Student: 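One structure, as structure tokens, below. Some questions next.
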Amino acid sequence: MKKALPFQLSKDRSFFESLGDWMGDVLYDELPEKGFECRDEQIFMAYQIEKALKEKNVLFAEAGVGTGKTIAYLLPAISYARYTGKPALIACADETLIEQLVKEAGDIFKLQNYLDIKIDVRLAKSRNQYLCLKRLEDAQKDLDNDYFIEEIEDLIPDFVYGHSSLQKIFPYGERSQFSGVSDEDWQKVNFHPTQQCMVCDLRNRCGQTIHRQNYRESADLLICSHEFLMEHIWTKESRVREGQLPLLPEVSMIVLDEGHLLEFAAQKALTHEIQSETLVRLLERVMVDGIREKTLYLMEQLQETHDEIFGLIRKNSIARDTDRMTIEKSDLLIQTCKKAISLTDDLLEEFVFESELFTIPEYELRMVEEFLEQYVYSLRLFTEKGDGVEWLEIIDGHETLIIMPRLVTDILNEKLFTSKMPIVFSSATLSIQKDFTYIADSLGVEKYQSFSVASPFDYDEVMKINVKKLQQEDKANHVVELLEDKQQTLILFKSKAAMDQFRNSIPSTKDIVFEGERELSTIVKEFQDGNFATLCSYHLWEGLDLPEKALTRVIIVDLPFPPVDPLFDAKRKFSNDPFEEVDLPFMLLRLQQGIGRLIRTSKDYGEIHILLNPEEEVLQNRFVNILPTSIIQ
């Protein structure tokens with residue numbers, strides 16, 4: 001339902017003129033009267049966004065830490081949503097940053113209170129962020145899962161199992177609701193792409209379905225992750241053809257918070273995955289009594305061939321310093337994949353006959369058919385020579401073949417950046433010394449507006465940067481020594497493997513918590529409340545907002561260069577100077593983001609520690625000019 005504008009329109013002034021007047025009143029007068037600082041950088045950003053809305057352009061809005069970027073885009077976004085009658089979409093880098101944006105005492109909460117306007121904000125989370133009742137049923141049969149299943153069962157509403165009226169239905173089942181469940185256990189019960197929601201008998205009581213219905217009615221703001229936005233864009237046409245609603249409703253504009261990370265979300269959304277055990281497990285579910293002998297034979301042949309494929313992939317995989325293992329494609333591997341493709345095509349034809357006999361339950365059959373269609377499509381991509389990137393990775397404890405496009409520029413340009421919809425990239429790090437070429441080329445953005453404003457903070461007064469030069473094997477001991485004073489410390493690692501290596505090399509203590517032990521936004525909340533002193537993470541390089549004493553030290557264990565893995569190898573292969581065009585820009589942007597976690601308000605203070613081994617030490621002159629203050633000598 002269309003809501004009233006937060007200001008009056010008149011016949012002699014356009015919407016954008018009235019919007020400009022209102023934002024000026026809010027930013028110059030109303031918010032400063034409530035204790036907010038009047039920041040020229042924030043005001044400039046708000047009016048640049050207004051210009052982008054008016055001209056329906058792409059805008060790279062680079063504003064330093066402390067600018068107040070969120071309020072600068074919220075004011076025009078809410079107004080434009082009400083003017084057009086369609087919600088504004090805010091896409092965050094990941095699910096944790098969504099929670100940061102909507103938390104109590106966050107900027108949306110403050111605007112509602114201080115401007116006395118009711119903001120209709122709803123969350124549209126990625127599908128794997130929701131509980132799947134079908135997978136929960138499977139997990140309940142495994143006695144080894146009792147220790148976490150009970151927590152989930154206690155939080156499921158009565159209406160799910162028919163114990164109360166359907167009139168009392170409300171959204172439930174988000175990942176954040178089950179704060180004590182580890183990431184590893186959550187992967188056993190969350191939504192999985194093999195699930196067939198359209199024919200599920202629990203669909204009307206499913207938390208994901210109820211959330212979808214709820215957020216489609218948003219009048220002001222719809223908040224999702226980059227990854228979910230990309231999934232919506234890639235699947236929109238196919239879902240409409242199949243008679244389904246797109247994952248997201250129509251929106252008036254898009255704000256890409258931490259927009260420098262969009263490329264990775266776009267690639268991930270286009271990724272095809274084949275897990276070693278999924279095909280075998282799904283085929284076993286439809287090997288029911290009464291199935292035709294030819295169908296059974298083809299299923300057994302396909303299972304054997306599938307096992308051969310993963311045996312060859314395992315044999316031809318090269319492990320490096322990341323979780324992604326490079327695959328060398330032998331002739332035998334390609335031939336075996338082609339055999340699996342032929343068997344799958346034949347099996348899908350046989351399933352047409354099986355469906356007419358009603359021997360296999362419809363839900364199970366639909367699940368297997370859709371999986372096999374995706375399976376054969378993925379294998380065809382794998383066997384063809386193109387611009388794809390493939391690797392082997394262990395996901396949820398299972399060997400997984402990943403097939404990802406090397407470049408997404410053409411698709412993004414076609415499906416997003418030529419849509420005549422205002423799109424705002426908001427981040428403290430979008431350029432390399434005010435040059436936006438790197439990010440524009442990576443995303444396929446041909447026409448755009450841009451600006452860069454510095455942070456309003458006096459970093460020389462509130463931040464100390466220490467650079468410690470030592471051998472790689474001595475870094476963990478140095479970190480432990482730093483932690484002896486019990487300061488609230490965020491330790492950032494370049495990868496999960498690097499974090500795990502650090503964890504295994506130090507004594508276990510309750511005062512150090514690692515990402516993945518519990519749901520991440522819960523860990524962040526406990527850290528902010530001072531329940532423990534040290535948080536170790538490989539994801540929180542951006543978006544984390546912990547003011548004053550909640551965070552007084554950031555330790556960067558390694559320079560955050562991209563990993564040596566198949567995806568970045570492909571980017572390097574197609575560049576003229578891999579280090580200058582791929583590795584160094586990535587590291588500089590990420591380093592700036594990590595340093596930016598420390599100073600978030602004018603009352604913040606603290607220290608940055610950057611640890612350099614001899615190889616990293618020679619690069620100090622390449623990053624010293626992007627630091628917000630001088631290194632302590």
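When a residue number appears, it is its place in the shown sequence, counting from 1. Atom set for the values below is all heavy atoms of this structure, side chains included, hydrogens, waters and symmetry mates excluded. Remember, it's a predicted structure, so these values are computed and weren't measured experimentally.
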Student: Contact between C337 and F382 at the side-chain level, heavy atoms closer than 4.5 Å - yes or no?
Tutor: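 In contact.
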Student: Given 3.5 Å as the limit, does a donor-acceptor pair link the side chain of E258 with the main chain of C92, or not?
Tutor: no
Student: Are S176 and S521 close enough that a side-chain donor and a side-chain acceptor fall under 3.5 Å?
Tutor: no
Student: So, R292 and T295: side-chain donor and acceptor under 3.5 Å apart, yes or no?
Tutor: yes
Student: Within the 4.5 Å heavy-atom criterion, are I523 and E515 side-chain neighbours or not?
Tutor: no
Student: Is K125 positioned over the aromatic face of Y215, cation under 6.0 angstrom from the ring centre and no more than 45 degrees off axis?
Tutor: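 Geometry flag: not set, cation outside 6.0 Å or 45°.
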Student: Counting N and O atoms only, with roles assigned by atom type, does the side chain of S342 sit under 3.5 Å from a partner on the main chain of K339, one being a donor and the other an acceptor?
Tutor: no
Student: Do side-chain atoms of T271 reach the backbone of Q267 as a donor and acceptor pair under 3.5 angstrom?
Tutor: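 Checking the backbone N and O of Q267 against the side chain of T271, a donor-acceptor pair under 3.5 Å is found.
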Student: Only counting residues at least two apart or in another chain, list the ones meeting ring-ring contact (aromatic ring centres under 6.0 Å, His included) with H272.
Tutor: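 For H272 the ring-ring contact (aromatic ring centres under 6.0 Å, His included) partners, ignoring immediate neighbours, are Y377.
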Student: Give a yes or no on whether a salt bridge exists between D138 and R135, defined as a side-chain N under 4.0 angstrom from a carboxylate O.
Tutor: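 Result for this pair is no, no salt bridge flagged.
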Student: So that I know where these two stand, are Y375 and H306 an aromatic pair - ring centroids less than 6.0 Å apart?
Tutor: yes
Student: Check whether any side-chain heavy atom of F310 lies under 4.5 Å from a side-chain heavy atom of I274, and answer yes or no.
Tutor: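 Answer yes - side chains close enough.
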Student: Would you check if the side chain of R212 reaches a backbone N or O of L247 as a donor-acceptor pair within less than 3.5 Å?
Tutor: no
Student: With the side chain counted from C-beta on, respond yes when M325 and W391 share a heavy-atom pair under 4.5 Å apart, and no when they do not.
Tutor: no
Student: I'd like to check the side chain to side chain donor-acceptor pair (under 3.5 Å) partners of T344; sequence neighbours left out, ordered by chain and number.
Tutor: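 Once residues adjacent in sequence are excluded, T344 has no partner under the side chain to side chain donor-acceptor pair (under 3.5 Å) criterion.
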Student: Less than 4.0 Å between a side-chain N and a carboxylate O, is that true for R380 and D345?
Tutor: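 Looking at D345 and R380, the cut-off is met.
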Student: When you measure from the side chain of S317 to the backbone N and O of I327, does any donor-acceptor pair fall under 3.5 Å?
Tutor: no
Student: Any side-chain donor paired with an acceptor under 3.5 Å for W186 and E184?
Tutor: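 Their side chains do not contain a donor-acceptor pair, so the 3.5 Å distance test is not met.
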Student: State, to 0.1 Å, how close W541 and F493 come at their nearest heavy-atom pair, and which atoms those are.
Tutor: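 Taking W541 first and F493 second, the nearest heavy atoms are NE1-O, 3.0 Å.
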Student: Evaluate the side-chain proximity of F178 to D185: yes if any heavy-atom separation is below 4.5 Å, no if none is.
Tutor: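 No; the side chains remain at least 4.5 Å from each other.
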Student: Would you say K294's side chain and L347's backbone share a donor-acceptor pair under 3.5 angstrom?
Tutor: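 Pair absent, no side-chain N/O of K294 close to backbone of L347.
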Student: Under the 3.5 angstrom rule, does the side chain of N190 hit a backbone N or O of N128 as a donor-acceptor pair?
Tutor: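 Yes; judged by distance alone, with no hydrogens or angles, the pair exists.
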Student: Can you give each donor-acceptor pair under 3.5 Å made by side-chain atoms of residues 298-305, sequence neighbours left out, with the distance rounded to 0.1 Å?
Tutor:
unit_1: Q303; atom_1: NE2; unit_2: V280; atom_2: O; d: 3.3
unit_1: T305; atom_1: OG1; unit_2: Q301; atom_2: O; d: 2.8

Student: With a cut-off of 6.0 Å (strictly less than), are more than 12 heavy atoms of other residues, nucleotides or ligands near CD of E293?
Tutor: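 Incorrect, the count does not exceed 12.
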Student: Can you tell if the side chain of V424 reaches within under 4.5 Å of the side chain of M253, non-hydrogen atoms only?
Tutor: yes
Student: If only atom types and distance count, is the side chain of T418 paired as donor or acceptor with the main-chain N or O of N413 below 3.5 Å?
Tutor: yes
Student: Run R175 and D183 through salt bridge (Lys or Arg N to Asp or Glu O under 4.0 Å) and show every step you take.
Tutor: CA-CA 9 Å; R175 171 68 178 103; D183 288 351; 3.0 Å; yes
Student: Nearest 0.5 Å, please: how far is CG in L221 from CD1 in I223?
Tutor: 6.0 Å
Student: How long is the gap from CD1 on I210 to CG on N204, to the nearest 0.5 Å?
Tutor: 8.5 Å
Student: Within a strict 4.5 Å, meaning less than it, do heavy atoms of the I313 and I309 side chains meet?
Tutor: yes
Student: Does H211 reach the side chain of Y130, with side-chain heavy atoms less than 4.5 Å apart?
Tutor: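 Side chain of H211 against side chain of Y130, heavy atoms only: contact under 4.5 Å found.
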Student: State whether K268 and E231 are salt-bridged, where the test is any N-O pair (Lys NZ or Arg NE/NH1/NH2 against Asp/Glu carboxylate O) under 4.0 Å.
Tutor: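 No.
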Student: Assess, by modelled atom type and distance only, whether the side chains of S427 and Q593 contain a donor and an acceptor separated by less than 3.5 Å.
Tutor: yes
Student: Is it the case that the side chain of H232 and the backbone of L248 share a donor-acceptor pair, with hydrogens and angles ignored and the cut-off at 3.5 Å?
Tutor: yes
Student: Measure from the side-chain N and O atoms of S126 to the backbone N and O of Q129, and report whether any donor-acceptor pair falls under 3.5 Å.
Tutor: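 Checking the backbone N and O of Q129 against the side chain of S126, no donor-acceptor pair under 3.5 Å is found.
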Student: Hey, could you give me the CD1/CD1 distance between I423 and I254, rounded to the nearest 0.5 Å?
Tutor: 5.0 Å
Student: Do Q177 and E519 get their side chains close enough for a donor-acceptor pair, meaning under 3.5 Å?
Tutor: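 On atom types as modelled, these side chains do not qualify, holding no pair under 3.5 Å.
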Student: Are K415 and E237 close enough for a salt bridge, meaning some N to O gap below 4.0 Å?
Tutor: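 A salt bridge is present here (some side-chain N lies under 4.0 Å from a carboxylate O).
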